[in-house]
Each structure stands twice: as structure tokens, then as C-alpha cells.
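Quick notes on the structure that follows.
Numbering starts at 1 and runs along the sequence shown.
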Amino acid sequence: MASDRAAGLAATARALAEGDVSSRVLVEEALARIDATQPALNAFRTVRGEAALAEADAADRERAAGEGASGGSRPLLGVPLAVKDDMDVAGEPTAFGCPGDFPPKTEDAEAVRRLRAAGAIVIGKTNTCELGQWPFTEGPAFGDTRNPWNHGHTPGGSSGGSAAAVAAGIVPAALGSDGAGSIRIPAAWTHLVGIKPQRGRISTWPWAESFHGITVNGTLGRTVEDAALLLDAASGPHDGDLHCPPRIGAAQAARDEPGKLRIALSLRMPFTATPKRLDPVVRARVVALAERLAALGHDVEEADPRYGQIGLAFVPRATAGVADRLRDVPDPALLDPRTRESARMGRVLGGAPLRLARRAEASLQRRVGAVFDTYDVVLAPTTATPPPRIGAMASLGGWRTDRAMIAACPYAWPWNVLGWPGVNVPAGFTGDGLPVGAQLLGPANSEPQLISLAAQLESDQRWFEKWPENLQESRTGA
């Protein structure tokens, strides 16, 4: 019988290295879990069944020949993983949530190439909303992706398929991307660790930078160790990348003590000129985490970054990015009207407003970064609300969608403008069992400190022990 859920990434890699399981068995079990959960969760756009099994057999042969020892150059040899469907996988289309007949790609994206170099097997590509624009994963091209904790609610977006796949235990970890919270938001709403790294940490090639620098690739896992291990495996530049931060050791940071830190609890939302309100339950859960951090010995006090009018530097980059990606869509007439509207705005804002937005980044980094003269880490809600119900935003018009998603998710996007790292950690549940999360935010290249702090909090909270209760049993593997 196939297991009804995957072990974590680190545990799976260790089991393979120690000979306790074969890659073929793991891939067969993952494919069985996809088959069993796809009708309910709809996490995957593309499943690489035959290709993944062939790659698993090759990994088993390689390991039998003495390769892929734990901690070696192939630390993920034979481990099945998933990637979001905005990343190219050779032989598969990259539809990025859009309808239409997309041709298969001839080369892997750099992040996927690095995963393969580490030995991982890409078992499939996960669903995302059209061009990653919204904090839900629904659309006419693939239907509704649902939250494993409650199928009536969204897992978030735009990396909702990756989050659903990891939260349900279909795969041990997955890659996503984050342009306005698109890793951190679904991580918060599915009870996962989600790492949005420093810009350039994981290459976005074949894009030298993605969405004019606001979008980065990152990782989702059930534990800090898993998300950090995947971050190490996927990290590294392509020669064409515009951003190449210094290398870090994320997995080592997950084992390190953070030391005593000064932490700013920030509940204030950046200005957006639209109505929004922090849900009292979300507030209570984030404040409770702050109290636990204080009990662990950190200095915690309320303080807010000075965001100012940072939204003016976000919109031109986001909408111009949509306009750029629209060029790869075979039939734009099939797209959601909101996507075409964003692209039209992006073409208008893609000249002088975009240049001004890019020039404003350095001054915004100084302004917002002043908080780190006093504090080491900012703790903030990841979202203002628990996960909305399926369809709550998908059927709205453009302006109403913008208002709804700002009201639900006003906290994450400023760190995309800044290009700095953030880590979502689970913060608990609402009274009816919906997950919510909190962000640990830092300045440039601060992933090791954020990861160490997240790991300390995980040891205290042990959030990985909780699983969705309504997971379906996987059927017998082939």
C-alpha cells in the first residue's frame, strides 16, 4: 500500500541515503497520492508520471553504484518534488495558470536545473492563478485548487497548488514564487513554512529578473529544515541573472541557535487608500507568537517600519510584468478580463512610471530599513484574514478584486518591492480550524537569522505534528 502522506524532505532524503526505501517506491506513492487527491484538491496542472518513474529508476541505479550519499553533491537523489507552473521543465508546457495550447519547453529553468543537479525528481507542476496575480488559485484553465484543511476554502495564491500539495503530504516540499506574498500567503493559509528569499537567491532564469524584480522563487515545506534544505538545493545564479547575492547555508542555519534578538511586533498595515482590517483572531494568534518569542528570551516590543507610499513603487512593476508575460500566451483572448486589464495598465505604466518606481527602491530600502537600526527582525501578520472561501474573489471585477485582495493580504507585498527575505511560520488556527500565519522579516541577506529564529520557534510550537484531518487515503501504487 502507498503511504497516505509523504515524509518530510530531510527525512525522505535520509531514508533514501540509508537504503530504507527506493526512489521508485517513493515516486509510485507520490503518483498514487496525486491520483487520489486530485479530484478534491486539484493541486497539479501537469503530472510527469512515466518520466518521473524512469528518472526514479535511474536514481536507484545511480545510488546502487555508490552515488548520492547523504550530504554529497546529490543530496536529493531520488526525492520526488513539485514545482509551480511558472517554472520551465523540459518537455512540459509552462502555462502559468493560463488557458490555451502552450508548447513544451526545450530546457529547464535554472532553478529546476539545480534541483535536478541535486538529484531531485520533478513529479509534476502545480496550479497557479493566471500569471500569478491573485491570492487564490482558481481559473477557467484548470478549475479550483482547494485547501487541504477545508475544501471549501482557498489555499491562497499564487503558489496555491504547491502549498496544497505539501500541506496534504502529496510531496515532501515544493518550489513556488512570490511577487506580492505568493509563497508566504499560501504557506500561512495551509500551515506551512514558506521562505521568500533575497532577490536573486534562487534564479528566475530564463528571466534575468521576474516582474521587474518584485518576484522571486522560494520554497514551501512542513518544517523549517525541509524548506531550508530545498532552498540550498535550488539556490544559485545563472550567468544572465541581474541579481546574485552571496551564498548562504540555509540548512545549517536551521540547526543554529539564533541568539537573543530584538524583535519588532508590527501590526500596522502599509497605506493603500483602500479599506482593510486585521481580523481579531489573526491578531491574537500573531500576538501569541510574539509572547512565545519573548518567553524564549528575545526582546519583543511593538514598532512599525515606515512604509510611506511604497505602493507607488509596486504597481508599475507588477502590471508591467503582467504585460511582459502576456507575450508568451498563445491566445490572450482566452484570458480573464482582469488579466488583460492589468496588461493594458502595464503597457501604460511601463515607461517613465516604471523607471521612477525602480529608482525609488534605494530610498525605500533606507526608509523602511531604518527599523533595523533598532531591531533585528520584524514580526508581522502574513495576512489580515483567514483563507477566504472558494470563489469569494474569483468572480469579482478588476477593481473589486483589487480591493478584496488588499483587504485580505495587505502585509506581504512591501518586502517584494525591497527585495528582502521573509519567512512565513504557522501561527495557529481559527476557531473553525483554518490556518493563519506570521512573517519573520529581515533586511538584505538575512535568511540565516530568519531561518534560525523560525527553527527555534518550531521547536517550541511543533506545528509539523498537525495534519489536515480530511486527507483522502491514497490508492494502491502500481
Side-chain angles (χ1 to χ4, degrees), residues 5-14 75-76 79-84 87 111 114-115 118 120 126 155-156 159-178 181-198 201-202 216-236 247-256 258 377 382 412 415 420-427 435 437-442 445-459 461-467:
R5 59 181 63 146
L9 179 60
T12 299
R14 286 193 292 268
L76 301 183
V79 178
L81 298 171
V83 302
K84 183 178 178 178
M87 301 179 195
R114 287 181 176 272
L115 285 188
T126 57
S159 304
S162 288
V166 177
I170 300 171
V171 290
L175 286 184
S177 60
D178 190 314
S182 287
I183 286 172
R184 290 162 289 158
I185 291 164
W189 285 347
T190 59
H191 196 65
L192 297 178
V193 176
I195 301 177
K196 172 219 174 297
Q198 176 72 22
R201 179 78 60 212
I202 299 178
V216 302
N217 292 331
T219 63
L220 294 128
R222 286 181 44 79
T223 69
V224 176
E225 180 184 26
D226 289 349
L229 180 60
L230 186 57
L231 178 60
D232 279 342
S235 290
R247 190 161 182 86
I248 62 166
Q252 180 59 51
R255 296 188 288 270
D256 292 341
V377 174
T382 302
W415 246 246
W420 292 345
V423 177
N424 176 80
V425 294
Q439 300 178 91
L440 304 174
L441 303 168
N445 303 311
S446 62
E447 291 103 321
Q449 185 172 77
L450 301 178
I451 289 168
S452 295
L453 182 59
Q456 182 190 49
L457 195 55
E458 178 178 84
S459 295
Q461 298 289 291
R462 303 189 65 80
W463 50 63
F464 53 85
E465 295 177 349
K466 296 183 175 65
W467 286 88

Apply side-chain hydrogen bond (donor to acceptor under 3.5 Å, both in side chains) to [X] and list each qualifying residue two or more places apart in sequence or on a separate chain.
X: Asn424; answer: Thr382
X: Gln461; answer: none
X: Gln449; answer: none
X: Thr126; answer: Ser162

Taking atom [atom1] of [X] and atom [atom2] of [Y], what is their separation to the nearest 0.5 Å?
X: Asp178; Y: Ile202; atom1: CG; atom2: CD1; value: 11.0 Å
X: Thr190; Y: Ile185; atom1: OG1; atom2: CD1; value: 11.5 Å
X: Leu229; Y: Leu9; atom1: CG; atom2: CG; value: 4.5 Å
X: Leu220; Y: Leu230; atom1: CG; atom2: CG; value: 8.5 Å
X: Leu175; Y: Leu115; atom1: CG; atom2: CG; value: 5.0 Å

Any residue meeting side-chain contact (heavy atoms from CB on, under 4.5 Å) with [X], in chain and number order, not counting sequence neighbours:
X: Ala227; result: Val193, Ile195, Thr219
X: Arg247; result: Ser235
X: Ala228; result: Ala250, Ala254, Ile451
X: Glu225; result: Ala10, Arg14, Thr223

Where is the tightest heavy-atom contact between [X] and [Y], given as atom of each residue plus distance?
X: Ala163; Y: Pro186; result: CB-CB, 3.6 Å
X: Val79; Y: Ala13; result: CG2-CA, 4.1 Å
X: Asp226; Y: Gly221; result: CB-CA, 4.4 Å
X: Gly218; Y: Pro197; result: CA-CD, 3.7 Å
X: Asp232; Y: Ile248; result: OD1-O, 3.7 Å
X: Ala412; Y: Gln439; result: CA-OE1, 3.9 Å

Using atom types as modelled and distance alone, determine if a side-chain donor or acceptor of [X] lies under 3.5 Å from a backbone N or O of [Y].
X: Ser182; Y: Ser159; answer: no
X: Lys196; Y: Trp420; answer: yes
X: Trp463; Y: Ala427; answer: no
X: Arg184; Y: Gly422; answer: no

Could you walk me through whether Val425 and Glu458 satisfy the side-chain contact (heavy atoms from CB on, under 4.5 Å) test, starting with their C-alpha distance in whole Å, then the side-chain angles of each, then the deciding distance to 0.1 Å, before giving a yes or no? CA-CA 8 Å; Val425 294; Glu458 178 178 84; over 6 Å; no

Under the rule for salt bridge (charged side-chain N to carboxylate O under 4.0 Å, His left out), what residues qualify as partners of Arg201, not counting sequence neighbours?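 Result, salt bridge (charged side-chain N to carboxylate O under 4.0 Å, His left out) vs Arg201: Glu447.
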
